[in-house]
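Encoded as structure tokens, the structure appears first; notes follow it.
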Amino acid sequence: MTGAALAAVAVGIILEDVPVFVAGGGVLALLILFAVLGGKRRPAGGEPPAGRLALARIEDLRATGGESADVPVKFRLTVAPEPEDGRPAYRVKITQHINLVDLPAHRPRGIAVVEYRPDKPWDVRIVTRPTPEWSRRAEEAEIDSAPDSTLVSNPDVDEGSWCLLVLLAFLAGAVLVVLLFRGPLFTAANDEDTPPDSPSKSSSTSRTFTTSTTVSGPSSSLLAFGRMRATAMELESRVDTAYVTEVTIEDHRMAVSGDSTRPPTETFHLQSLPYELLPTLVREARTTLGIRTPETWRIDITPPTGNGVGPRVRITVTGPEGTARLDADATGRVVERRGVGEGG
């Protein structure tokens, strides 16, 4: 019905046929009204059973938005229930809104406290404010990854089949209306000049990739709160993997580079960086390293070297006095300062 109604509206506009347009628009309005009324009449179910706390290993995560303080993040977890629950560790995929301030605490291969329902093991929620006891357990725990064969999902929802059914029904309704008016439509099409086909774009694959973006507009500096992480999410959507080998950030530009041939120890996850702490580090570098009039700044983030843990953050500031730099670890803690004239 929806496909037929939308097709009737489009046909009415193309043929300038008011009755067809009104009929399609009227049916579409009724469908929207029925959907709204059906949503208000949903039966209220009973309270679900209380969830149980457990520890989980974060296998991977990917942020899918960034317009507000809470961003939707897709997680792949290995949940390890307590021994008394009598259930072995298993894999699950969830999507949960995480505050930008809490996001750096959730990193690949990290341990999180989760709440799950034993009767519905796929219903898992990350606890962002666990009790001190569970926080201590998460810091001390080591959880092995469960095999992919243990992945659980809601058996009552077959999203692939449902989406295919909706698509086929939608297209069937639209095709039916178009066939009914195929004569006038083809006549109208022959009266129009056919625009030339747009040139096709060839795609190429490579082991290495580099992408960048420049921000503009009001408050366009990447030092604005939340701007760095939102820009990183935009760049992440352009590449096949969120594991990169270098991130470069300037006042109005961010660039990321990667290499699929690098081992995991020589890469880092794009969303694991402490973006919310970087503006403070830039201000510290501009005011404490002997440069009175800083002109430019630049952040270079690279994988750990030697026995280091987590990516290395280097902030370079230049001015009339020369160049200075500040090094920090993946948690935003300053590990070295090099003022003007100190070399190195």
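All heavy atoms count here, side chains included; hydrogens, waters and symmetry mates do not. Everything quoted here is computed from the prediction, not taken from an experiment.
- Side-chain contact between Arg125 and Val127: present, with at least one pair of heavy atoms (C-beta onward) separated by less than 4.5 Å.
- The minimum heavy-atom distance linking Thr95 with Pro72 is given by the pair CG2-CB, 4.4 Å.
- At a threshold of 4.5 Å between non-hydrogen side-chain atoms, the residues His106 and Val73 do not count as touching.
- Side-chain atoms of Ile58 and Phe75, non-hydrogen and from C-beta on, do get closer than 4.5 Å to each other.
- No side-chain heavy atom of Thr245 sits under 4.5 Å from any side-chain heavy atom of Glu266.
- The backbone N or O of Leu61 sits less than 3.5 Å from a side-chain atom of His269, completing a donor-acceptor pair.
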| said: Checking Asp259 against Arg207 for the salt bridge (Lys or Arg N to Asp or Glu O under 4.0 Å) test, could you report, in this order, the C-alpha distance in whole Å, the side-chain angles of both residues, the deciding distance, and whether it holds? | reply: CA-CA 6 Å; Asp259 187 346; Arg207 294 181 178 180; over 6 Å; no
| task | Might you work through the side-chain hydrogen bond (donor to acceptor under 3.5 Å, both in side chains) test for Arg227 and Ser221, ending with a clear yes or no? | result | CA-CA 8 Å; Arg227 180 58 63 89; Ser221 173; over 6 Å; no
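- Side-chain contact between Thr331 and Pro274 is absent, with no heavy-atom pair separated by less than 4.5 Å.
- In summary, Asp329 and Arg312 do not engage in a salt bridge, as defined by a charged side-chain N under 4.0 Å from a carboxylate O.
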| Between Ile249 and Val247, is a side-chain contact (heavy atoms from CB on, under 4.5 Å) present by the stated rule, with each step listed? | CA-CA 7 Å; Ile249 306 174; Val247 175; 3.9 Å; yes
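- Of the possible polar contacts, none joining the Glu321 side chain to the Val340 backbone as a donor-acceptor pair under 3.5 Å is found.
- Between Phe170 and Thr2 the shortest heavy-atom distance is CE1-CG2, 4.0 Å.
- Looking at heavy atoms from C-beta onward, Pro311 lies out of side-chain contact with Pro303 at the 4.5 angstrom threshold.
- Between the Arg238 side chain and the Ser212 main chain, a donor and an acceptor come within less than 3.5 Å of each other.
- Counted by atom type alone, Gln271 and Arg229 present one or more donor-acceptor pairs between their side chains at under 3.5 Å.
- The line from OG1 of Thr131 to CZ of Arg137 is 9.0 Å long, rounded to the nearest 0.5 Å.
- In terms of heavy atoms, Ala285 sits closest to Val317 at CB-CG2, 3.7 Å.
- Residues Leu100 and Glu276 are in side-chain contact: their nearest non-hydrogen atoms beyond the backbone lie under 4.5 Å apart.
- Separation of atoms CZ (Arg286) and CH2 (Trp297) is listed at 8.5 Å; rounding is to 0.5 Å.
- Between Asp300 and Arg314 there is no salt bridge, since no side-chain nitrogen of the basic residue lies less than 4.0 Å from a carboxylate oxygen of the acidic one.
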| request: Determine, step by step, whether Tyr275 and Leu270 satisfy the side-chain contact (heavy atoms from CB on, under 4.5 Å) criterion, reporting the C-alpha distance in whole Å, the side-chain angles of both residues, the deciding distance to 0.1 Å, and the verdict. | output: CA-CA 10 Å; Tyr275 295 106; Leu270 192 57; 3.5 Å; yes
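- Look at Arg62 and Asp60 and you find no salt bridge, because none of the NZ, NE, NH1 or NH2 atoms lies under 4.0 Å from a carboxylate O.
- Side chain of Thr288 to main chain of Glu284: a donor-acceptor pair is present (N/O by atom type, distance under 3.5 Å, no hydrogens or angles).
- Taking the side chain as every heavy atom from C-beta outward, Phe268 and Val244 approach each other to under 4.5 Å.
- Annotation: Glu140, atom CD; neighbour count of heavy atoms from other residues, nucleotides and ligands within 6.0 Å is above 12.
- Nearest heavy-atom pair, Pro304 versus Gly310, reported as atom, atom and distance to 0.1 Å: CB-O, 3.0 Å.
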| message | Using side-chain hydrogen bond (donor to acceptor under 3.5 Å, both in side chains), reason through Thr296 and Thr318 one step at a time and then give a plain yes or no. | response | CA-CA 5 Å; Thr296 62; Thr318 60; 2.3 Å; yes
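- In this structure, Met254 CE and Thr211 OG1 are separated by 11.5 Å, a value rounded to the nearest 0.5 Å.
- Nearest heavy-atom pair across Leu235 and Val256 is CD1-CG1, 3.9 Å.
- Linking Ile, Leu, Val, Met, Phe, Trp and Tyr whenever their side-chain heavy atoms come within less than 4.5 Å leaves Leu55 and Tyr116 in two separate clusters.
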| task | For Arg52 and Asp85, run side-chain contact (heavy atoms from CB on, under 4.5 Å): C-alpha distance rounded to whole Å, both residues' side-chain angles, the deciding distance at 0.1 Å, then the answer. | result | CA-CA 9 Å; Arg52 297 185 182 180; Asp85 292 344; 2.7 Å; yes
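- Interatomic distance, CG of Asp70 versus CD1 of Ile98, reported as 8.0 Å (0.5 Å rounding).
- Side chain to side chain, Ser145 and Arg57 meet the donor-acceptor criterion of an N or O pair below 3.5 Å.
- Side-chain polar atoms of Thr78 and Glu59 form a donor-acceptor pair below 3.5 angstrom.
- Judged by a 6.0 Å distance limit and a 45° cone about the ring axis, Arg87 is positioned over the six-membered ring of Tyr90.
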| request: Please lay out, stage by stage, how Leu222 and Asp251 fare under the test side-chain contact (heavy atoms from CB on, under 4.5 Å). | output: CA-CA 6 Å; Leu222 285 170; Asp251 195 24; 5.6 Å; no
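- Rounding to the nearest 0.5 Å gives a distance of 9.5 Å between CG of Leu223 and CG of Leu278.
- Interatomic distance, Thr323 OG1 to Ile291 CD1, rounded to the nearest 0.5 Å: 6.5 Å.
- A donor-acceptor pair under 3.5 Å is absent between the side-chain atoms of Thr267 and the main chain of Tyr243, judged by distance alone.
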